[in-house]
Amino acid sequence: MDEEDIVKCTECNGRELERDDARGEIICANCGLVLDDRIVDPGAEWRVFSIEQGEQRGRVGAPMTEMLHDKGLSTDIDWQNRDYSGKSIGNGRTRSQFYRMRKWQKRSRVSNSRERNLSMALAEMDRIASRLELPKSVRERSARIYRHCIKDNLIRGRSIEGVTAACLYLSCRLCGVPRTLDEIAQSARTGRKEIGRTTRLIKRKLKIRADIPTPDMYTARFCSQLGLGAAVSSKADEIIALCHEWEIDCGRGPVGMCAASIYIAGVVLDNRRTQREIAEIAGVTEVTIRNRYKEIVQRLNIDSTNF
DNA sequence: AAGACGAAAGTGGTTGA
DNA sequence: TCAACAACTTTCGTCTT
């Protein structure tokens with residue numbers, strides 16, 4: 001888990017956290033509680049003085065990933081009875097030895113219920129993320145949150161699907177590429193209600209602070225889904241910025257604000273979509289778009305001449 | 001006929017006593 | 001825990017292009 005995920009010390013609520021790369025720990029500066037261990041040190045532990053030396057010293061395998069239940073680090077024993085050079089491994093005795101090794105390898109890897117739970121969840125997570133075309137960073141972060149859920153016993157009594165979807169929903173928001181609850185729910189195997197409920201629980205228990213998304217986080221995606229170009233998109237962002245300046249957006253849902261801004265931008269630039277079309281993509285009703293639209297036009301005095 | 005408009009009643013989540 | 005509340009939805013009749 002990143003430092004951004006932990007905002008407060010669970011012991012004393014202190015907000016000053018220190019990162020210790022040498023030990024791989026995150027520590028509360030106030031009371032000294034270790035909040036997270038095994039963080040990844042991004043640096044190398046050796047120094048290089050030339051490119052060739054760097055290449056020599058670099059030991060690079062597949063990257064560690066949160067998306068595999070063993071983080072991609074455990075050993076595989078191939079099913080073929082061949083050694084490293086491809087020669088077949090001979091007699092019956094070594095063969096049966098390999099058979100036993102494979103068996104125990106499998107058993108030790110997905111051994112307990114937690115591991116099984118995790119690998120199921122990660123598979124489900126991957127399925128939803130693929131359908132929503134979510135970037136890898138979002139998946140990694142989501143997997144990280146899920147691991148913490150397991151650690152804090154948040155899964156018991158809840159469905160894997162629900163917690164998985166909630167982790168993704170949260171992760172999207174944390175990564176600045178928010179999806180609406182409806183979008184997640186459409187690809188998940190649970191309802192919007194459960195995802196929302198579980199999300200709130202995770203936020204509370206893991207003390208994750210996720211700011212409410214701003215309207216401009218949706219513009220690019222909605223516009224491209226509507227087949228609108230960069231011109232409309234950036235005009236919509238302009239309107240959103242103005243609305244924020246004039247506090248027209250306070251207390252309003254960000255999706256509705258975005259939808260209305262896109263509608264106005266379309267009208268202004270003579271590249272319009274109907275309220276119906278935008279409402280469909282954004283997941284709000286035409287009425288909401290109309291209400292926002294009315295307020296914005298009124299307060300900003302927008303008409304065809306001044307925009 | 002499609003799109004836009006707006007009134008009115010209903011819904012689900014948040015807040016504060 | 002419950003009621004008040006604001007935002008948003010649903011529904012539907014009317015107006016505009």
Side-chain angles (χ1 to χ4, degrees), chain A residues 7-8 154 157-159 161-163 165-174 178-219 221-223 225-228 232 235-236 239-307:
Chain A
V7 291
K8 268 190 192 173
L154 300 184
R158 269 168 274 277
S159 69
E161 288 86 359
V163 181
C167 288
L168 273 170
Y169 174 64
L170 251 178
S171 173
C172 285
R173 282 173 57 179
L174 289 169
R179 301 293 125 132
T180 60
L181 264 181
D182 277 314
E183 286 176 292
I184 302 276
Q186 267 168 25
S187 299
R189 286 192 244 257
T190 30
R192 196 182 67 167
K193 214 171 162 183
E194 195 195 331
I195 301 174
R197 212 180 35 228
T198 313
T199 304
R200 231 175 309 136
L201 180 100
I202 294 173
K203 273 176 64 178
R204 203 176 53 237
K205 295 281 183 184
L206 298 185
K207 296 190 164 49
I208 294 174
R209 206 193 56 175
D211 294 329
I212 300 160
T214 54
D216 60 296
M217 289 176 174
Y218 299 99
T219 30
R221 192 158 50 90
F222 289 166
C223 280
Q225 283 181 48
L226 285 161
L228 291 166
V232 178
K235 177 63 80 180
I239 296 169
I240 288 167
L242 273 173
C243 288
H244 190 65
E245 207 175 304
W246 286 75
E247 297 179 351
I248 299 168
D249 59 352
C250 68
R252 303 277 118 105
V255 179
M257 281 306 297
C258 178
S261 299
I262 292 174
Y263 178 71
I264 296 170
V267 172
V268 166
L269 295 177
D270 209 27
N271 187 5
R272 61 197 296 170
R273 294 289 178 274
T274 63
Q275 294 178 353
R276 182 88 270 280
E277 289 172 307
I278 299 175
E280 177 99 20
I281 296 291
V284 292
T285 61
E286 299 158 71
V287 182
T288 305
I289 295 183
R290 280 202 288 276
N291 290 337
R292 290 302 84 78
Y293 159 71
K294 215 169 53 185
E295 290 162 7
I296 296 170
V297 169
Q298 210 175 49
R299 293 280 306 279
L300 295 180
N301 284 320
I302 293 176
D303 58 47
S304 46
T305 56
N306 67 1
F307 239 77

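Sequence lines set the chain letters: A, B, ... in the order given, protein chains first and strands last, and positions in each chain run from 1.
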dist Glu277(A):CD -> Arg272(A):CZ (nearest 0.5 Å) comes out at 10.5 Å

Gap between atoms CG and P, on Asp182(A) and dG12(B) respectively (whole Å): 13 Å

Using whole Å, report how far CG of Asn291(A) lies from C1' of dG6(B). 9 Å

Integer-rounded Å distance: dC8(C) P and Arg290(A) CZ: 15 Å

Using atom CD1 of Ile212(A) as one end and atom P of dG13(B) as the other, report the distance to the nearest whole Å. 16 Å

If you measure only the distance, is there a donor-acceptor pair under 3.5 Å linking the side chains of Arg179(A) and Tyr169(A)? no

Closer than 4.0 Å, any side-chain N/O of Tyr293(A) to the OP1 or OP2 of dC5(B)? yes

Quickly work out the Arg204(A) CZ to dT14(B) C1' distance and round it to whole Å. 14 Å

Side chains of Glu286(A) and Val284(A): closer than 4.5 Å at any heavy-atom pair? no

When you measure from the side chain of Arg292(A) to the backbone of Asp249(A), do you find a donor-acceptor pair of N or O atoms at a distance under 3.5 Å? no

Specify the residue among Val287(A) and Arg276(A) whose closest nucleotide of DNA chain B lies further upstream toward the 5′ end. Arg276(A)

Expressed in angstrom and rounded to an integer, what is the separation of Ile278(A) atom CD1 from dA4(B) atom P? 8 Å

At 4.0 Å (heavy atoms only), tell me whether Arg292(A) reaches a base, stays on the sugar-phosphate, or touches nothing. sugar-phosphate

Arg252(A) side chain, from C-beta outward: closest of dA7(C), dG6(B), dA4(B): dA7(C)

Could you check which nucleotide pairs with dA4(B) in any of the strands shown, counting Watson-Crick or G-U wobble with both distances under 3.5 Å? dT14(C)

Just call it for Arg197(A): base, sugar-phosphate, or nothing, with non-hydrogen atoms closer than 4.0 Å on any strand. nothing

Between dG3(B) (P) and Tyr263(A) (OH): distance, integer Å: 11 Å

Contact class for Gly256(A) (heavy atom, under 4.0 Å): base, sugar-phosphate, or nothing? nothing

Within the 3.5 Å criterion, strictly below it, is a donor on Thr180(A) or Asp182(A) matched to an acceptor on the partner's side chain? no

Whole angstrom value for the distance that separates P of dT11(B) from NZ of Lys193(A): 12 Å

Mind checking Thr274(A) for me? I need base, sugar-phosphate or nothing, with any heavy atom below 4.0 Å counting as a touch. sugar-phosphate

Return no unless some side-chain N or O of Arg272(A) is found under 4.0 Å from OP1 or OP2 of dA4(B). yes

